Amino acid sequence: MSYLAKNYNRKKISFVRGKGSYLYTATGAKYLDFVQGIAVNCLGHANPKLIKTINKQSKKLWHVSNAFQIPEGEKLAKKLCQKTFADYVMFQNSGAEATEAAIKAARRYFYSIGKPNKTRILCVKNSFHGRTLATIFASGSKKMTEGFGHVGGFDHFIFGDHKSLKKKITKNTAAIMIEPIMGEGGIKVVPDWCLKELRKLCNKKKILLILDEVQCGISRSGNFFSFEKSKCIPDIVPIAKGIGGGFPIGAVLMNKKVAAGMTPGTHGSTFGGNPLAMAVGNAVIDIVSSKKFLKNIKELSKYFFSNLNLLQKKYPKVIKEIRGKGYLIGIQLYKDQTKFIQKLMNKKLLTIRAAENVVRILPPLNVKKNELDQAIKIIDKVCAKLK
Ligand SMILES: *Cc1c(COP(=O)(O)O)cnc(C)c1O
């Protein structure tokens with residue numbers, strides 16, 4: 001029996017080792033891992049550079065309090081700010097902590113400029129911003145909030161319904177928070193023109209724009225941030241998942257205006273930004289934000305998408321749509337995806353579900369072409385049997 005609480009519906013399989021794009025069971029069975037801890041292991045399993053970094057730092061210093069200066073954190077914050085819109089960074093340990101801190105920063109900004117009633121955050125219905133009490137209510141999903149009482153302060157609009165979005169902005173709205181690519185929600189990409197309009201709307205209404213890049217950020221989309229090419233500049237961006245390459249790190253990126261509200265004592269985290277985490281974060285960002293690395297993602301992902309689209313044409317009764325950007329990919333089926341995912345797993349390809357019958361595919365960002373080919377072959381075989 002298991003002494004772990006039953007809050008997960010786990011597959012009956014475990015792994016003892018990982019290397020690059022592959023996972024191995026105790027009996028030596030080898031799986032192509034296109035889950036990668038849900039977009040976390042951006043450099044695959046057991047990346048030699050990350051192993052070296054963590055080994056080196058683990059012998060020097062693991063943890064000190066944020067009561068002291070942490071040079072490794074200063075370094076990572078500087079890189080994040082120099083690469084992006086941000087002027088300041090607060091480090092956390094997870095995505096939900098980052099989105100929750102983003103909400104705090106938005107509210108605190110309006111408080112600090114003498115508008116304490118502007119607290120409400122407008123979000124997409126059935127989005128995903130994490131599992132803390134506040135963030136489940138931000139997500140606005142019945143399934144996630146049922147039985148957990150009530151946390152107020154969130155309003156919702158339906159994805160794509162621009163009329164209701166405008167209507168739901170009130171004098172008490174502090175910010176709009178969206179995922180530029182909805183991950184859990186079914187790999188739904190918000191088009192660039194939409195992000196640009198959203199920025200205009202926020203300017204007009206004098207509210208803040210929070211873009212949750214926890215899943216789609218850190219080069220997953222082929223750009224460091226998925227909103228980058230849209231020319232939409234957000235005020236606050238929570239990140240997590242990929243930035244630690246498997247080590248838990250979260251962070252909130254903010255512009256100067258917002259960060260001014262976060263004065264000493266307004267927020268904190270015991271673990272957030274510790275030297276061990278920061279050393280890994282520095283190593284990850286150096287690799288994933290290099291021009292050559294990003295170019296490679298774009299080229300190979302284009303190749304992968306074209307092959308997936310061919311499969312959609314070959315099996316139009318099985319596959320409804322191929323969605324996503326870079327290596328944040330969804331195969332939308334006509335039917336529930338549970339069996340499809342199981343069949344892929346039987347053929348040694350690991351994928352994970354998302355909403356709207358989507359099979360989510362999250363290769364490591366340094367995946368090799370032959371590994372993508374291998375996945376295509378397996379997906380083809382599974383589709384052929386279902387046809
Ligand atoms: C995963 C995710 C979160 C929550 O991250 P955790 O590390 O699980 O707390 C928040 N927002 C988005 C968009 C995510 O995909």
Side-chain angles (χ1 to χ4, degrees), residues 5 7-8 10 34-42 90-106 121-141 143-145 148 151 154 156 159 175-190 195 198 209-221 224-227 234 236-253 269 271-273 277 280-281 284 323-330 351-356 358 360-362 365:
N7 58 320
Y8 290 106
R10 297 172 194 271
F34 279 8
V35 179
Q36 292 291 339
I38 314 193
V40 165
N41 311 320
C42 56
M90 286 194 298
F91 286 112
Q92 311 286 137
N93 310 283
S94 69
E97 280 184 337
T99 54
E100 183 135 345
I103 296 164
K104 284 179 74 176
I121 313 292
L122 182 51
C123 308
V124 173
K125 183 96 191 139
N126 296 324
S127 53
F128 188 82
H129 299 292
R131 295 286 198 154
T132 64
L133 267 174
T135 57
I136 55 174
F137 283 93
S139 303
S141 126
K143 214 170 126 193
M144 279 199 282
T145 54
F148 295 112
V151 174
F154 299 99
H156 297 97
F159 182 90
I176 297 175
M177 175 162 74
I178 65 156
E179 302 163 74
I181 304 173
M182 285 180 78
E184 306 300 311
I187 318 297
K188 298 208 280 199
V189 182
V190 178
L195 289 173
L198 202 57
L209 179 61
I210 307 172
L211 295 181
D212 181 347
E213 288 265 336
V214 169
Q215 188 158 165
C216 58
I218 324 301
S219 305
R220 175 79 23 204
S221 71
F224 186 70
F225 280 145
S226 76
F227 61 79
I236 306 173
V237 170
I239 61 170
K241 292 196 169 91
I243 186 64
F247 200 91
I249 305 178
V252 190
L253 280 61
S269 167
F271 292 120
V280 181
V284 169
R323 296 171 165 184
K325 218 176 185 180
Y327 287 138
L328 182 48
I329 302 168
T351 60
I352 195 158
R353 55 179 295 123
E356 303 189 349
V358 166
R360 193 168 14 158
I361 302 184
L362 302 159
L365 304 183

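Residue indices begin at 1 and follow the sequence shown. Note that the structure is predicted; figures quoted are calculated from it, not measured. For ligands, and for the atoms within them, numbers begin at 1 and follow the listed sequence.
- Judged as a side-chain hydrogen bond (donor to acceptor under 3.5 Å, both in side chains), and not counting sequence neighbours, Thr145 has no contacts.
- Lys188 forms a cation-pi arrangement with Phe159, by the criterion of a distance under 6.0 Å to the ring centre and an angle within 45° of the ring axis.
- Every atom of ligand 1 with a heavy atom of His129 under 4.0 Å away is listed here by number and element: 10 (C), 11 (N).
- Among Gly130, Gly244, Gly95, Ser139, the residue whose heavy atom lies closest to atom 5 (O) of ligand 1 is Gly95.
- Of the charged side-chain nitrogens involved, at least one lies within less than 4.0 Å of a carboxylate oxygen, so that Glu356 and Arg323 count as a salt-bridged pair.
- Ser221 places no side-chain N or O within donor-acceptor distance of the main-chain N or O of Gly217, the cut-off being under 3.5 Å.
- Considering every non-hydrogen atom in both Met144 and Ser127, the closest pair reads CE-O, 3.9 Å.
- With hydrogens left out, the protein atom closest to atom 11 (N) of ligand 1 is Asp212 OD2, 2.8 Å, a heavy atom.
- By the 3.5 Å distance cut-off applied to N or O atoms, Glu184 is not counted among the residues near ligand 1.
- Of all the atoms in ligand 1, the ones that sit under 4.0 Å from a non-hydrogen atom of Lys241 are 1 (C), 2 (C), 3 (C), 14 (C), 15 (O).
- Distance check on atom 8 (O) of ligand 1: every protein heavy atom falls at or beyond the 4.0 Å cut-off.
- Counting atoms of ligand 1 from 1 in the listed order, those under 4.0 Å from a heavy atom of Ala96 are 4 (C), 5 (O), 6 (P), 9 (O).
- Heavy-atom contacts of Glu179 reach the following atoms of ligand 1: 13 (C) (cutoff under 4.0 Å).
- For Arg360 and Glu184, the salt-bridge test passes: some basic side-chain N is under 4.0 Å from an acidic carboxylate O.
- In this structure, Thr99 contributes its side chain and His129 its backbone to a donor-acceptor pair below 3.5 Å.
- Proximity to Ser94 (heavy-atom distance under 4.0 Å) selects the following atoms of ligand 1: 7 (O), 9 (O).
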